Every structure is written in structure tokens, then in C-alpha cells.
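Below is one structure, written out as C-alpha cells; the observations come after it.
Computed over heavy atoms, backbone and side chain alike; hydrogens, waters and symmetry mates excluded. If you're wondering where the values come from, they're calculated on a predicted model, not measured in any experiment.
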Amino acid sequence: MLAHLELTLPLMALGYLSGTWLGALTVCRLARVGDPRLAGSGNPGFSNVLRLHGRRLALATLLVDATKGMPVLGLAMLLGLPPWSQGLVGLGVLLGHSYPVWYRFRGGKGVASAFGVMLLLTPWVALCCALLWCLLAWRMRTAAIASLASAAVAPLAAVWLAPGYGWVVIVFTLLVLVRHVLNIRRLRRGEEPGL
């Protein structure tokens, strides 16, 4: 376990650094459109970019945020690290996205990054959650409801489809739920912006 920990901690730090790359900022700068942190919900993520700048830039944001942690996670898997160790590396990616040091620890909600991490670690869980997210976003027209429901279902899906990663998915879910506290308050007041 000590040998695994010696490999895990530097990989977790690398995961954090890769997570701090906020896709929304890069995509919006390259497209020469407004900073998504200054309009809409103020969140540098897929759904706010979708509301502000349309599908093309939102999909590019999703692609960056979902894939940015894959190289370091792939390395952890290639080194044969156990699920708990891979989970810590993935958590590093999510923490980097949610609390990036370069942006005063104000990052995204972590949904797209969690999807990318789980796509490598628990692909069937990730695909089930993505399908649920798409269905709810289409029917409810609210990204927060789709994200919260998908996050809540993820641990249940993990118990069935990837039991070795159950605790990992629970930790990811808790982080996503914490990052959506303001959305939950807006939903209660009926003030959450639609897609």
C-alpha cells in the first residue's frame, strides 16, 4: 500500500493541475466571445457556455473538460494502481476543476470532468449517467436538475456495474452535490436558469 501511495500522491497532484485547465475559458477565448464567468450563471462550464454561446462552443467545452484528466488517469491505470488509488487521482482532477488555484479557487461544477474520469474508471456507469442527464436536460430544460439526478444515480449504478469503484463514485457524487448548493437554492426559489 505504501508503494501505491508513493505513486498516487504525485499523480493526484498532476491530476489536480490538469483539472485546473477550464475548457470554457480556453474555448471562449479562442472563439473571441465573452468570458462565461461574467455572464449567465457565472459558471465556467458546459451548460453556461451552451446558454451564452450555443452548442458548438458548449460541445468543445465538454470535450476539453471531459478529456483533460484522461492522460494522468490512463497512466495510473497503466501502472496497475488499485481502484482506491485511481479514485484519488480522479478526485485530484475534479478538485482542480472545481477549485483551480489560478482562478482564486473558483471553478466549474465538475459534472463534465466527473463524466470524463468515470468514462475511464467506470465506463458503463458514466454512460448510464450521461444518458439520464441527456433525457432530463431535454425534458426538464434545466442542467442543474439533470446534473443532480445523474450524480444521485451514479453510486447506485456503480454498486451494480462497477462495485470495486463504489466508494470512488460516492466521493465524486458528494463533490458534485456540494458544488451545486447554489443551484439547489435557486431551484427552490424557482430562479434556476433554463437551457
Side-chain angles (χ1 to χ4, degrees), residues 16 19-20 22-25 27-28 33-55 57-59 61-62 64-66 69 87 90-101 103-119 122 125-161 165-195:
Y16 175 86
T20 62
L22 300 180
L25 302 187
V27 166
C28 289
V33 297
D35 186 330
R37 296 171 299 173
L38 304 178
S41 68
N43 180 52
F46 165 82
S47 57
N48 198 35
V49 173
L50 178 62
R51 280 190 291 268
L52 294 171
H53 304 301
R55 292 178 187 172
L57 296 186
L59 287 174
T61 298
L62 176 64
V64 171
D65 285 343
L91 180 62
V93 175
L94 300 188
L95 290 173
H97 179 82
S98 300
Y99 305 102
V101 65
Y103 302 110
R104 298 181 183 176
F105 301 100
R106 294 179 184 169
K109 301 293 172 71
V111 177
S113 296
F115 169 70
V117 167
M118 291 196 329
L119 199 56
T122 59
V125 176
L127 293 173
C128 286
C129 291
L131 179 61
L132 178 62
W133 191 97
C134 291
L135 287 171
L136 288 173
W138 173 64
R139 292 291 294 166
M140 307 294 289
R141 294 287 185 206
T142 307
I145 291 174
S147 298
L148 290 166
S150 299
V153 165
L156 300 174
V159 167
W160 179 41
L161 298 168
Y165 290 89
W167 78 268
V168 171
V169 175
I170 288 170
V171 172
F172 294 170
T173 294
L174 290 174
L175 180 60
V176 169
L177 293 177
V178 165
R179 296 294 295 151
H180 278 81
V181 167
L182 291 177
N183 300 83
I184 294 168
R185 289 178 186 162
R186 286 197 298 260
L187 283 167
R188 285 180 179 165
R189 296 193 302 261
E191 299 172 357
E192 180 68 16
L195 284 173

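What you find for Tyr16 and Val101 is that their closest heavy atoms are OH-N, 3.0 Å. Of all heavy-atom pairs between Leu22 and Arg106, the closest is CD1-O, 4.4 Å. In terms of heavy-atom proximity, Ser98 sits nearest to Leu175 at OG-CD2, 4.2 Å. Nearest heavy-atom pair, Val49 versus Cys28, reported as atom, atom and distance to 0.1 Å: CG2-SG, 4.2 Å. Contact record, Ala24 with Gly45: CB-N, 3.9 Å, taken as the closest heavy-atom pair. Shortest non-hydrogen contact noted between Ser150 and Cys129 is OG-O, 3.3 Å.
Side chains of Val125 and Tyr165 form no contact here, defined as non-hydrogen atoms less than 4.5 Å apart.
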Sequence neighbours excluded and cut-off under 3.5 Å, please list the side-chain donor-acceptor pairs for residues 110-119, or say none.
unit_1	atom_1	unit_2	atom_2	d
Ser113	OG	Asp65	O	3.3
Ser113	OG	His97	ND1	3.4

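Judged as a side-chain hydrogen bond (donor to acceptor under 3.5 Å, both in side chains), and not counting sequence neighbours, the contacts of Thr20 are Trp102.
The line from CZ of Arg179 to CG of Leu148 is 13.0 Å long, rounded to the nearest 0.5 Å. How far CH2 of Trp138 is from CH2 of Trp133: 14.0 Å, rounded to the nearest 0.5 Å.
Looking only at distances, a side-chain donor or acceptor of Asn48 sits under 3.5 Å from a matching main-chain atom of Asn43.
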